[in-house]
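Reviewing the structure listed below.
Fair warning: this is a prediction, and the values are worked out from it, not measured in the lab.
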Amino acid sequence: MKDHFVKMDIEQAQMFQHDVLSIVKAIPSGRVTTYGYIATLAGYPSHARMVGRILRYAPEAISLPCHRVVNAVGRTAPGWGQQRILLEGEGVMFKPNGHVDMKQFLWNPESMIDKEQ
DNA sequence: AGTTTGACTGGAG
DNA sequence: CCTCCAGCCAAAC
């Protein structure tokens with residue numbers, strides 16, 4: 001059974017973008033999440049790249065904490081050195097290889113430990 | 001209308 | 001842990 005769309009029309013693209021932005025807005029300080037996870041929550045698991053494009057180019061994204069979005073292995077966005085500074089400023093720590101310690105700082109909306117924050 | 005380009009991902013070596 | 005690669009898909013050429 002297909003539980004998600006593969007291609008989207010104009011209207012679906014608008015809803016997708018809106019959902020992506022509101023999800024990013026919900027990431028708590030001191031935590032990170034991934035492009036793929038946001039895409040999945042928004043109903044399009046195969047559109048991680050589009051999440052990246054939205055955060056990079058959508059005007060509304062500048063007022064959101066998009067520095068809390070990293071890729072699946074915890075790497076920060078290419079060409080955006082400030083992202084690491086912003087994350088470290090709210091307590092997120094990086095491993096020696098320059099990746100976010102996902103084990104410790106990945107946002108888990110479902111888990112008990114996160115509900116306490 | 002065909003090709004290239006990414007703020008991506010998972011797997012192989 | 002790293003680099004390379006195929007698959008991905010809307011946008012820009």
Give a yes or no answer on whether the side chain of [X] reaches the backbone of [Y] with a donor-acceptor pair at less than 3.5 Å.
X     : Y     : value
A:R75 : A:H99 : no
A:E90 : A:S29 : no
A:Q83 : A:V69 : yes

Nucleotide [N], atom [atom2] - distance to [atom1] of [X] in whole Å:
X      : N     : atom1 : atom2 : answer
A:I38  : C:dC9 : CD1   : C1'   : 17 Å
A:M50  : B:dG6 : CE    : C1'   : 13 Å
A:R75  : B:dG6 : CZ    : C1'   : 13 Å
A:I10  : C:dC9 : CD1   : P     : 17 Å
A:I54  : B:dG6 : CD1   : C1'   : 14 Å
A:D101 : C:dC1 : CG    : P     : 10 Å
A:Q17  : B:dA7 : CD    : C1'   : 15 Å
A:F16  : B:dC8 : CZ    : P     : 13 Å

Item to check | salt bridge (Lys or Arg N to Asp or Glu O under 4.0 Å) pairs, two or more places apart, involving residues 56-67 of chain A | outcome: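 Not a single pair qualifies under salt bridge (Lys or Arg N to Asp or Glu O under 4.0 Å).
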Checklist entry - When clusters are formed by joining ILVMFWY residues with side-chain heavy atoms under 4.5 Å apart, either directly or through shared neighbours, do A:L86 and A:L106 land in the same one? => result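 Unlinked, A:L86 and A:L106 end up in two clusters.
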Item to check | A:H47 side-chain N/O to C:dA10 phosphate OP1/OP2 under 4.0 Å | outcome: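 A:H47 to C:dA10 OP1/OP2: side-chain N or O found under 4.0 Å.
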Checklist entry - Does a nitrogen or oxygen in the side chain of A:S46 sit under 4.0 Å from OP1 or OP2 of C:dC8? => result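 Looking at the OP1 and OP2 atoms of C:dC8, neither is under 4.0 Å from any side-chain N or O of A:S46.
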From the set [options], return the single nucleotide nearest to any side-chain atom of [X].
X     : options               : answer
A:A72 : C:dA10, C:dC8, B:dG10 : B:dG10
A:M8  : B:dT9, C:dA10, C:dC2  : C:dA10
A:N71 : B:dC8, C:dC9, C:dC2   : B:dC8

Checklist entry - Within the modelled atom types, does a donor on one side and an acceptor on the other bring the side chain of A:R49 and the base of C:dC9 under 3.5 Å apart? => result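 A donor-acceptor contact between them is absent.
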Next on the checklist: Under 4.0 Å, heavy atom to any atom of DNA chain B: which of residues 55-70 of chain A qualify?
Outcome noted: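 Residues of residues 55-70 of chain A that come under 4.0 Å of DNA chain B are, in numerical order, A:L55, A:R56, A:Y57.
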Checklist entry - What nucleic acid atoms does A:R53 come within less than 4.0 Å of, heavy atoms only: base, sugar-phosphate, or nothing? => result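 It contacts base atoms.
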Next on the checklist: Students often get this wrong, so: under 4.0 angstrom with heavy atoms, is A:A77 touching a base, only sugar-phosphate, or nothing?
Outcome noted: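 Counting heavy atoms under 4.0 Å across all strands, the contact made by A:A77 includes a base.
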Checklist entry - Do we get A:R49 above A:Y35's six-membered ring, with its NZ or CZ under 6.0 Å from the centre and within 45° of the axis? => result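 Judged by the rule (NZ or CZ under 6.0 Å from the ring centre, within 45° of its axis), A:R49 is not positioned above A:Y35.
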Checklist entry - Which value, rounded to the nearest 0.5 Å, describes the distance between A:R31 atom CZ and A:L87 atom CG? => result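 CG of A:L87 is found 12.5 Å from CZ of A:R31.
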